[in-house]
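In what follows, a single structure is set out as structure tokens and then discussed.
Since the structure is predicted, the reported quantities are computational estimates derived from the model, not experimental observations. Atoms within each ligand, like the ligands themselves, are counted from 1 in listed order.
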Amino acid sequence: MAELKGNVVLVVGASGVLGSEVARQLEAEGATVVRSGRNPARLGGADSVVADLGSYSAAADIVAAAFTAHGRLDGVVIAAGVVAFGPASDVSDETIEQLFSTNALGPIRLIRQAIPHLTLSAAAGRKPFIVTISGIVAESPAAGLAAYSASKAALAAFVQAASRELRRAGIRMLDSRPGHTETGLAGRAIAGVAPAFPQGHEPVDVAKRILRAIVDDEKDLPSSAF
Ligand SMILES: NC(=O)c1ccc[n+]([C@@H]2O[C@H](COP(=O)([O-])OP(=O)(O)OC[C@H]3O[C@@H](n4cnc5c(N)ncnc54)[C@H](OP(=O)(O)O)[C@@H]3O)[C@@H](O)[C@H]2O)c1
């Protein structure tokens, strides 16, 4: 069982609905949370780093700021992401770029930057972890969401492969793949219009399930776990 009390955890996308709820629940478990996001007004918390994952330097800057503030890093939760809707034949180059940049490339760069710090955490006897939120589309790519699904599947594949490498260093990676969740994300799509979804999960429940997986040392959170 992972002890969160005293752990320093970086939450990226902490200005979002799921990210802010995960951050709140981590603090309730005794973790020190460093929040990162684009929008300072929505970020909150004492410790925060404003950065846009679209820039190459953001991953290094975010991880360095979190580590420098506390001299250690024991966990990373990546809850940043954007969605776009519409047929594959219509998706623009700009939309494809933004989806892959935010949902896959930025998170992959962040993970890479965090590994040395998490390796130190493991060497100090703690149980470091990395959590991503790819989503159900990484398991079941959906019509009208081809580029979004592909960007999320890219991240999920990276995590699955890297988790096998990092196990030896004592770092646990956990990709979570919830289905539609009532965060309003669909209404903030960067392109296209969302179809009518059936009622989704409650954000607080999704965050709770992710927290339980962190504490219970779970290694994967498929859509069926939500
Ligand atoms: N809601 C769902 O149905 C669902 C289901 C499965 C998976 N997910 C995934 O869960 C994650 C959280 O989504 P949510 O539903 O909580 O949506 P949300 O409230 O819109 O949160 C999205 C977060 O991503 C951040 N973000 C977007 N572009 C960014 C960029 N270029 N650089 C840095 N941060 C950026 C936003 O920051 P700002 O607020 O500062 O712009 C915000 O913190 C996403 O990856 C999403 O794909 C959601």
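Taking 4.0 Å as the cut-off between side-chain N and carboxylate O, D217 and K219 do not count as a salt-bridged pair.
Under 4.0 Å from any atom of ligand 1, one finds heavy atoms of residues G13, S15, G16, V17, L18, R38, N39, R42, A51, D52, L53, A79, A80, G81, V82, T102, I133, S134, G135, Y148, K152, P178, G179, H180, T181, T183, L185, R188.
Applying the ring pair (Phe, Tyr, Trp, His ring centres under 6.0 Å) criterion to F197, with sequence neighbours excluded, gives H180.
Connectivity analysis of hydrophobic side chains (ILVMFWY, heavy atoms under 4.5 Å, direct or indirect) links V193 to nothing; its cluster partners are none.
Screening residues 9-30 for side chain to side chain donor-acceptor pair (under 3.5 Å), with sequence neighbours left out, gives E21-R24, E21-Q25, E27-R35.
Between the side chains of D47 and H70, at least one donor N or O lies within less than 3.5 Å of an accepting N or O.
With F129 as the fixed residue, the side-chain contact (heavy atoms from CB on, under 4.5 Å) test singles out one of V215, I171, V76, V77: V77.
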